[in-house]
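Read through the structure below, which is laid out as structure tokens, and then see the notes.
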Amino acid sequence: MEKGDSSQKLYKRMRLWEFPDQYVVEPTDGSSGSCLEISRVDGSMKLIDEIPHCNSLRVPKIRTIFGVIGILKLLAGSYLLVITERESVGSYMGHPIFKVSSMKVFPCDHSLKNTPAEQKKMEAEFSALLNVAEKTPGLYFSYDVNITLSAQRLHDLGDESKLLPLWRQADPRFLWNNYMMEVLIDHKLDPFLLPVVQGSFHNFQAAIGKDIVDVTLIARRCNRRTGTRMWRRGADTDGFVANFVESEQIIQLNGCTASFVQVRGSIPLLWDQIVDLTYKPKFEIVRLEEAPRVAERHFLDLRKKYGNVLSVDLVNKHGGEGRLNEKFANAMQHVDGDDVRYLHFDFHHICGHVHFERLSILYDQIEDFFIKNRYFLLNEKDEKVEVQLGVVRTNCIDCLDRTNVTQSMLGRRMLEFQLRRLGIFDAEETISTHSNLDESFKILWANHGDDISIQYSGTPALKGDFVRFGKRTVQGIVNDGRNALMRYYLNNFVDGTKQDAIDLMQGHYIMSVSRDMTVTSQKGGIEAIASFPLALGLILTGLFFATLSLGRVRNDVWNLLFSLIWASISLAIAALVKANGRMFCNRPRLHQSRR
């Protein structure tokens, strides 16, 4: 594999040849590099100089691709993942950024023909999960710039590091295809190694007088504890938390560049919510005695990466959330210091469901940290003028709805702060005094929140109407109700399979015949036929006949008895669903053999 020169640029356009026994990836962007041959029997690969010979027995299918995401090895076969469609969404530090519009999995599993039937069945189960993975939302990439790093970290890269291939510069936390690239890395295939980030990318331009300001908002999702809403909560023992996202707001104006970074992430304790068909499953705190150590590890990592940390906790003071808040606050007593500060702000108690302008109370409490820790700023000569010294870490329970409203408020304050520094705003001027800028900024953060929410919960963010319009609306409240019901359905009946697919893609489970890596067997009896649609149908049928019988009581008293019988049947089925809720749920099926 000596031909894989690390100094080569990434291939931007390729042709995929699908032969009966092999795939060939041919660069077609004017590069003079070699082609990559991948066996469809066992996934082995090598570089070749020419496309293999074609004849009537070897007629290949041909398609254009825009990047190789990686290779995933399962029990017996390997699977090639490629980008088949892309969309240009803007630029980062002057370089084009693309969104993955479509990706496709190509199997290299011909060796399965000689494997036992049980292994074939297991392979089929696992490979079916890749069909789910093909629909992964919010994937972004660049051929020219490292989008896993913030503008400040990118600027601080040494000259030698800037000469390295993009995958070697990348922050592995935000490299979505980190695990899938390992085989390509082992073969030194740098021109094919395309770093992909999961998150969000939006930008807009707005005129402020004669000046044009370009505003970009980027989200980078961490891959250490990635997953779906109910199936990934809290932290692991290393302090990595669920739904950890770095959000960077960048402005470019008159040759200057300013950047402001915030982070969000689940409460860093060992806790979860076991899906049981209830609307809000109980919070379960696991191994409470380890809470101080887990929180300490989490914040130690944040301090190393971001400097000073202000942790803003938005959860309720009472109820199930209140218990989590109490344990979090207690754990933070062991962490609080000069460079880490904890602040609780009961969002629902203070702001209710409509008075989000009361977030100004929160800002007054954190303004000193906000101003002291600054932001990153480059002048017209690309010289560093300001450095961001710390980060605000925001959390609620899901780190979606309340968190996004709060982060958008902080982003707004920082943008005003930066525009005053650059001489565009005077001391009393605000974003709201410029309708075009104000509207675009609200839409920017609303889209940002929706993207992050869709990846974690399956629906757009709640309370998005306030971020989008600056006030709560009737339509927004109706949308919140619909999205809340959709979350309930997805969490209980879809996300288990999705979690399996995510864990496969991220390498959280290693496929090995020698290990006990079997798919959980289907149980007999009621669990073999149990499903939520069936249960719901029986309940609704019972209630229908109960209501029908009740309406005829005046004609025949026996209808009262029938009404009670049908109502009893409905209640019995509902009780069965409640008692055995998890049998109806779409649970992850993989055993947890970690990397």
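Along the sequence shown, the residues carry numbers beginning at 1. Computed from a predicted model, the values in this text were never measured in an experiment. Just the heavy atoms: all of them, side chains too, but no hydrogens, waters or symmetry mates, feed the values below.
Side-chain contact between Asn330 and Gln333 is present, with at least one heavy-atom pair separated by less than 4.5 Å. Proximity of His318 to Asn325: side-chain heavy atoms (C-beta onward) are nowhere separated by under 4.5 Å. Between Trp176 and Thr226, every side-chain heavy-atom pair lies at or beyond the 4.5 Å cut-off. Within the 4.5 Å cutoff, no side-chain heavy atoms of Leu72 are placed close to those of Val105. Between Leu362 and Thr406, the closest side-chain pair of non-hydrogen atoms falls below 4.5 Å. A heavy-atom distance below 4.5 Å is found between the side chains of Ile97 and Val145. Annotation: side chain of Leu302 is in contact with side chain of Phe244 (closest heavy-atom distance under 4.5 Å). When side chains are defined from C-beta on, Leu166 does not count as touching Leu193, because their heavy atoms never get closer than 4.5 Å.
Side-chain atoms of Asn223 come within 3.5 Å of backbone N or O of Pro172 as a donor-acceptor pair. Tyr375 places no side-chain N or O within donor-acceptor distance of the main-chain N or O of Leu415, the cut-off being under 3.5 Å. Side chain of Glu123 to backbone of Gly77: a donor-acceptor contact under 3.5 angstrom is found. Remark: the backbone N or O of Thr394 is not paired with any side-chain donor or acceptor of Gln262 at under 3.5 angstrom.
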Practice task
Might you work through the salt bridge (Lys or Arg N to Asp or Glu O under 4.0 Å) test for Asp495 and Arg229, ending with a clear yes or no?
Solution key: CA-CA 8 Å; Asp495 285 351; Arg229 179 172 172 251; over 6 Å; no
Practice task
Determine, stepwise, if the pair Asp144 / Ser142 fulfils side-chain hydrogen bond (donor to acceptor under 3.5 Å, both in side chains).
Solution key: CA-CA 5 Å; Asp144 307 301; Ser142 173; 4.7 Å; no
Exercise for the section: Using the salt bridge (Lys or Arg N to Asp or Glu O under 4.0 Å) rule, take Asp236 and Arg224 through it: C-alpha gap first, then chi angles, then the decisive distance, then the call. Expected result: CA-CA 9 Å; Asp236 60 20; Arg224 299 293 169 82; over 6 Å; no
Exercise for the section: Could you go through the side chain to side chain contact (heavy atoms under 4.5 Å, CB included) check for Lys384 and Leu378 one step at a time? Expected result: CA-CA 5 Å; Lys384 189 161 52 178; Leu378 296 175; 4.2 Å; yes
Exercise for the section: Go through Val183 and Met45 one step at a time and tell me if the side chain to side chain contact (heavy atoms under 4.5 Å, CB included) criterion holds. Expected result: CA-CA 9 Å; Val183 175; Met45 58 185 69; 3.7 Å; yes
Exercise for the section: Show your working on side chain to side chain contact (heavy atoms under 4.5 Å, CB included) between Phe66 and Leu194 and close with a plain yes or no. Expected result: CA-CA 10 Å; Phe66 300 96; Leu194 179 65; over 6 Å; no
Exercise for the section: Show your reasoning for whether side chain to side chain contact (heavy atoms under 4.5 Å, CB included) applies to Tyr306 and Gln388. Expected result: CA-CA 8 Å; Tyr306 300 101; Gln388 185 170 343; over 6 Å; no
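Once rounded to the nearest 0.5 Å, the distance linking CD of Glu290 with CG of Leu270 reads 5.5 Å. To the nearest 0.5 angstrom, Gln152 atom CD is 9.0 Å from Glu248 atom CD. Summarising the geometry, atom CG belonging to Asn178 is positioned 8.0 Å from atom CD belonging to Gln506; distances are rounded to the nearest 0.5 Å. Within the model, atoms CD1 of Ile218 and CZ of Phe201 stand 5.0 Å from one another, a figure rounded to the nearest 0.5 Å. To the nearest 0.5 Å, atoms CG (Asp339) and CG (Asn308) are separated by 6.0 Å. For the atom pair CG of Asn404 and CG of Asp450, the computed distance is 8.0 Å after rounding to the nearest 0.5 Å.
A salt bridge links Arg153 with Asp171: the closest approach of a Lys/Arg side-chain nitrogen to an acidic carboxylate oxygen falls below 4.0 angstrom. Remark: Asp368 engages Arg341 in a salt bridge, criterion side-chain N to carboxylate O under 4.0 Å. Residues Lys317 and Asp346 are not paired through a salt bridge, judged by the lack of any N-O separation under 4.0 Å between the basic side chain and the carboxylate. Taking 4.0 Å as the cut-off between side-chain N and carboxylate O, Asp503 and Arg232 count as a salt-bridged pair. Taking the charged nitrogens against the carboxylate oxygens, Asp238 and Arg293 have no contact shorter than 4.0 Å, which rules out a salt bridge. Under the 4.0 Å criterion applied to side-chain N and carboxylate O atoms, Asp401 and Arg487 are assigned as salt-bridge partners.
Using bins of under 30°, 30° to 60° and over 60° for the plane-to-plane angle, the ring pair Phe299/Phe328 lands in the parallel bin. Aromatic ring orientation, Tyr143 versus Phe141: perpendicular (interplanar angle above 60°, classes split at 30° and 60°). The aromatic rings of Phe356 and Phe347 are tilted relative to each other, their planes meeting at an angle between 30° and 60°.
A donor-acceptor pair shorter than 3.5 Å cannot be found between the side chains of Trp445 and Gln407. Between the side chains of Asp313 and Tyr342, at least one donor N or O lies within less than 3.5 Å of an accepting N or O. If you check the side chains of Trp167 and Asp190, you find a donor sitting under 3.5 Å from an acceptor. A side-chain N or O of Thr228 and one of Gln499 form a donor-acceptor pair less than 3.5 Å apart. Side-chain contact of Thr459 with Asn483: a donor-acceptor pair under 3.5 Å is absent, judged by distance alone.
Taking the six-membered ring where the residue is Trp, the centroids of Phe370 and Phe260 are separated by under 6.0 Å.
Atom NZ of Lys162 is surrounded by more than 12 heavy atoms from other residues, nucleotides or ligands within 6.0 Å. Around NE2 of His334, the count of heavy atoms belonging to other residues, nucleotides or ligands within 6.0 Å exceeds 12. The environment of CD in Glu160 is sparse: at most 12 heavy-atom neighbours from other residues, nucleotides or ligands sit within 6.0 Å. Heavy atoms of other residues, nucleotides or ligands lying less than 6.0 angstrom from CD of Glu386 number more than 12.
Across every non-hydrogen atom of Ile454 and Lys498, the tightest pair is O-NZ, 4.0 Å. Nearest heavy atoms, Arg221 versus Gln455: NE-OE1, 3.0 Å. Considering all non-hydrogen atoms of both residues, Cys396 and Arg402 come closest at CB-NE, 3.6 Å. The two residues Ser91 and Thr216 have their closest heavy-atom pair at O-OG1, 4.4 Å. Smallest separation of non-hydrogen atoms from Asn177 and Val196: OD1-N, 3.0 Å. The two residues Leu269 and Ala291 make their nearest non-hydrogen contact at CD2-CB, 3.7 Å.
Between Glu246 and the choices Arg264, Lys305, Arg220, the side chain to side chain donor-acceptor pair (under 3.5 Å) rule is met once, by Arg220. Partner Leu129 forms a side-chain contact (heavy atoms from CB on, under 4.5 Å) with one of Leu74, Asp500, Ile502 and no other, that one being Asp500.
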